[in-house]
Amino acid sequence: MSENTAAPRRDFIREMVADDVATGRFGRGPATRFPPEPNGFLHMGHAKSICLNFGIAQEFGGTCNLRFDDTNPATEDVKYVEAIQRDVQWLGFNWDGLYYASDYFEKLYDIAEALVLKGKAYVDDQNEEQIRTNRGTVTSAGTPSPWRERSADENLDLLRRMKAGEFPDGAKVLRAKIDMAHPNMVMRDPLLLRIRHAHHYRRGNDWCIYPLYDFAHGLSDAIEGITRSLCTLEFKDAREIYDWLVAEAGFVNPPTQIEFARLELDYTVLSKRKLLRLVNDGHVNGWDDPRMPTIAGLRRRGVRPEAIRAFAEVIGVARKDARVEIATFEHAVRNDLNMEVPRVLCVLNPLKVVLTNYPEGQVEMLDAPSYPHDVPKTGSRPMPFSRELYVDRDDFMEDAPKKFYRLSVGREVRLRFGYLITCNEVVKNDAGEVIELRCTYDPDTRSGQAPDGRKVQGTIHWVSAAQAVSCEVRLYDRLFSQPDPDDVPEGQDFLSALNPASLVVIPDAKIEPSVASDPIGSRYQFERTGYFMSEPESSTPEKLVFNRIVGLRDSWAKEVKKG
RNA sequence: UGCCCCUUAGCUCAACUGGCAGAGCGUCUGACUCUGGAUCAGAAGGUUCCUGGUUCGACCCCAGGAGGGGCAACCA
């Protein structure tokens, strides 16, 4: 148990942190932070960041804070703060410190005054429009504000009056005084504080000058003693202002920003703006709809945190934008559940089977192992078997092709854990639909036996009609019907790529009775169908409701496609 | 007056300071034979975008080129 334990995956960030530890570069232990803005629910992209930040802290004996980047009163809410904390914990992580950027407003203000005194910041009276046009473009220099050369005393007075609430929204703004011709747009006198007479969910109305991201973020990191500030690639250009600010503020051994690629996933969207739209426009039933790529949605769907962590591990972290296939995630989910959950038989689309040679009224109990041979778990449950059963409609075909190894007139299949049966006759209703199969069973073939050694090609799942439990099954599928939901014709948006069949409800499926005594929230593999969980929000002991977490890997569908 | 990042297997991505280019998915083959559409095992699969250069040795460093992306919110 020493040499062959897989080395923890190394990426360029972990290499740097390992180097920090080795060289003592920061003079303190490795410290990271996960800094969400509480303006929405956490999603898979955040999960990647959480696993990275908290993972590094664990692996290197460092710390990781949870910090709410709550600097915009217009969009934030305490309900998101609560949801985020629950989601981080559910993923399996505990923060060392719990902080709020809004608690740093005073400290940030003091730094702002210090910058003004040093001549490194000034109050600008230009309006939003003027500021934008005077910033210049990517290929041309900006124009200095007419207020850029105000004296330190005047700036200090104005800043204090901004804080005191003397000016309306938008009247004035505090800017760093750097270089209006800087090749990096971010460095063209970036805005530090803006006036917002608004209610902040934590600060109430006691504060009216709110720091912008660039001003708040790096300094918050520095205040907390973070060593490596991990963020996504689009902040690359912001690194320069990050370094400028922590240096000007006088922090020794300040934190350093490292950027990594944000997660993009096939067949879904990972942007809070778009997810909010799905929620607000009613395309899904809330942030925790099981189709949502949110942590809350995945949890409700039935995905385990272990699977999400394993997924984060396999996708790794790199410096290049990466679109990950949803199949990779689904694989991680199956891989996790395969070794954990018991197997159970559930017939989604019931078709009655009558065993004409089985005694009427007789019920025998078959012993059904709950795990396949290659899962190192033991256990079994009794399965009632009787004359009338249900099998899945998909397992019967009237005009079956040769390679259809299931039921058809004259063909023999094995009933999982039970007998071999042969279909003799099809019963149809007036509309010509098949409503019943009349079959015979071979009494000598119980539970896998076949005295004459004959083999059948197919094994199908079934339930005993009288003892089966009716349940609702919700088949969740991909939210969007194309890999890139934004790749739509001119004039349309991602909503037009929504998958109309992302939720198919089966109101009356038949499941084996053994599950009736299991707690709500139990997970199973429905053999030959997929992984399911009894839905904690909707399921009751009287009316079980199951969510499909993920289907089984389906090579048959591909075979069919190929023809 | 533009700055910055990226280009590696069919697909999606790894590869620490230059040292035999690796995973997952997909594909193919085999095993289990009561999930044969599950699961497990093995295999095939590469001109590392192009052209030059440095070096004993280049995915990695240098020069030039081609293609893709980020940055011009008082959002984060």
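Chain letters run A, B, ... following the sequence lines, proteins first, then strands; residues in each count from 1. The figures here come from the full heavy-atom set of this structure, side chains too, leaving out hydrogens, waters and symmetry mates.
- Among the protein residues, A:A261 comes within range of no part of the nucleic acid, since none of its heavy atoms lies under 4.0 Å from any strand.
- For the P atoms, the distance linking B:G26 with B:G67 amounts to 35 Å, nearest Å.
- The pair A:K236-A:E259 meets the salt-bridge criterion, since a charged nitrogen lies less than 4.0 angstrom from a carboxylate oxygen.
- Pair assignment for B:G52 gives B:C62, based on Watson-Crick or G-U wobble hydrogen-bonding distances that are each under 3.5 Å.
- Taking the charged nitrogens against the carboxylate oxygens, A:R528 and A:D394 have no contact shorter than 4.0 Å, which rules out a salt bridge.
- With a 3.5 Å ceiling on both atom-pair distances, B:A9 lacks any Watson-Crick or G-U wobble partner.
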Can you tabulate the close N/O pairs, meaning under 3.5 Å, that link protein atoms to atoms of nucleotides 73-76 of chain B?
from: B:C74; atom 1: OP2; to: A:R135; atom 2: NH2; distance (Å): 2.9
from: B:C74; atom 1: O2; to: A:R196; atom 2: NH2; distance (Å): 3.1
from: B:C74; atom 1: N4; to: A:Q126; atom 2: O; distance (Å): 3.2
from: B:C74; atom 1: N4; to: A:E128; atom 2: N; distance (Å): 3.3
from: B:C74; atom 1: N4; to: A:G170; atom 2: O; distance (Å): 3.1
from: B:C75; atom 1: OP2; to: A:R194; atom 2: NE; distance (Å): 3.2
from: B:C75; atom 1: OP2; to: A:R194; atom 2: NH2; distance (Å): 2.6
from: B:C75; atom 1: O3'; to: A:R194; atom 2: NH2; distance (Å): 3.4
from: B:C75; atom 1: O2'; to: A:N72; atom 2: ND2; distance (Å): 3.0
from: B:A76; atom 1: OP1; to: A:T71; atom 2: OG1; distance (Å): 2.6
from: B:A76; atom 1: OP1; to: A:R194; atom 2: NH1; distance (Å): 3.4
from: B:A76; atom 1: OP1; to: A:R194; atom 2: NH2; distance (Å): 3.4
from: B:A76; atom 1: OP2; to: A:Y213; atom 2: N; distance (Å): 2.9
from: B:A76; atom 1: O3'; to: A:D69; atom 2: OD2; distance (Å): 3.4

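- The only member of A:Y210, A:F215, A:Y100 that meets ring-ring contact (aromatic ring centres under 6.0 Å, His included) when paired with A:F105 is A:Y210.
- In summary, of the residues considered (A:D214, A:V246, A:L192), a side-chain contact (heavy atoms from CB on, under 4.5 Å) with A:I241 occurs for A:D214 alone.
- Relative ring orientation between A:F41 and A:W287 is described as parallel, the plane-to-plane angle staying below 30° on a 0-90° scale split at 30° and 60°.
- To the nearest whole angstrom, the two C1' atoms, one in B:A41 and one in B:C71, are 49 Å apart.
- Across all strands shown, nothing is found opposite B:A76 as a Watson-Crick or G-U wobble partner with both distances under 3.5 Å.
- Listed for the A:R414 side chain is no donor-acceptor partner under 3.5 Å among the backbone atoms of A:E412.
- One atom, CG of A:D266, and another, C1' of B:G26, lie 14 Å apart when rounded to the nearest Å.
- Considering only side-chain atoms of A:R323, the nucleotide from B:U1, B:U39, B:U12 that sits closest is B:U12.
- In this structure B:C71 sits in a base pair with B:G2, meeting the Watson-Crick or G-U test at under 3.5 Å.
- Base-pair partner of B:C34: not found among the strands shown (Watson-Crick or G-U wobble, both distances under 3.5 Å).
- Nucleotide B:C20 has no partner under the Watson-Crick or G-U criteria, as no pair reaches both atom distances under 3.5 Å.
- Considering only the side chain of A:P372, B:U35 comes nearest among B:U12, B:U35, B:C71.
- Distance check on atom C1': B:C60 versus B:A21 gives 12 Å, rounded to whole Å.
- RNA chain B is contacted by both A:N338 and A:R343; A:R343 maps to the nucleotide lying nearer its 5′ end (nearest heavy atom per residue).
- At a threshold of 4.0 angstrom between heavy atoms, the contacts of A:V324 are confined to the sugar-phosphate backbone, with no base atom among them.
- Place A:S140 and A:E527 on RNA chain B by their nearest nucleotides, and A:S140 ends up nearer the 5' end.
- Across all strands shown, nothing is found opposite B:A15 as a Watson-Crick or G-U wobble partner with both distances under 3.5 Å.
- Within 4.0 Å (heavy atoms only), A:Q525 reaches at least one base atom of the nucleic acid.
- Remark: A:R33 does not engage A:E224 in a salt bridge, criterion side-chain N to carboxylate O under 4.0 Å.
- Taking atom P on both nucleotides, B:U47 is separated from B:C11 by 12 Å, rounded to a whole Å.
- Electrostatic pairing of A:R523 and A:E340 does not count as a salt bridge here, judged by no charged N lying under 4.0 Å from a carboxylate O.
- Within the shown strands, B:A43 is the pairing partner of B:U27 under the Watson-Crick or G-U definition, both distances less than 3.5 Å.
- Note on A:T459: only backbone sugar-phosphate atoms sit closer than 4.0 angstrom, heavy atoms only; bases stay farther off.
- As rounded to the nearest Å, B:G46 and B:G10 have P atoms that lie 7 Å from one another.
- A gap of 8 Å separates the P atoms of B:A9 and B:C49, to the nearest Å.
- When the C1' atom of B:G70 is taken as reference, atom CE of A:M185 falls 13 Å away, rounded to whole Å.
- With 3.5 Å as the limit, one finds a donor-acceptor pair spanning the side chains of A:Y122 and A:D189.
- Every pair passing ring pair (Phe, Tyr, Trp, His ring centres under 6.0 Å) that includes a residue from residues 325-346 of chain A is listed here, sequence neighbours excluded: A:F311-A:F329.
- A close approach under 4.0 Å does occur between a side-chain nitrogen or oxygen of A:H331 and OP1 or OP2 of B:C25.
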Between the protein and nucleotides 3-11 of chain B, which nitrogen or oxygen pairs are less than 3.5 angstrom apart?
from: B:C11; atom 1: O2'; to: A:E325; atom 2: OE2; distance (Å): 3.2

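- Anti is the conformation of B:A21, whose glycosidic angle sits further than 90° from 0.
- If you check the side chains of A:S102 and A:R202, you find a donor sitting under 3.5 Å from an acceptor.
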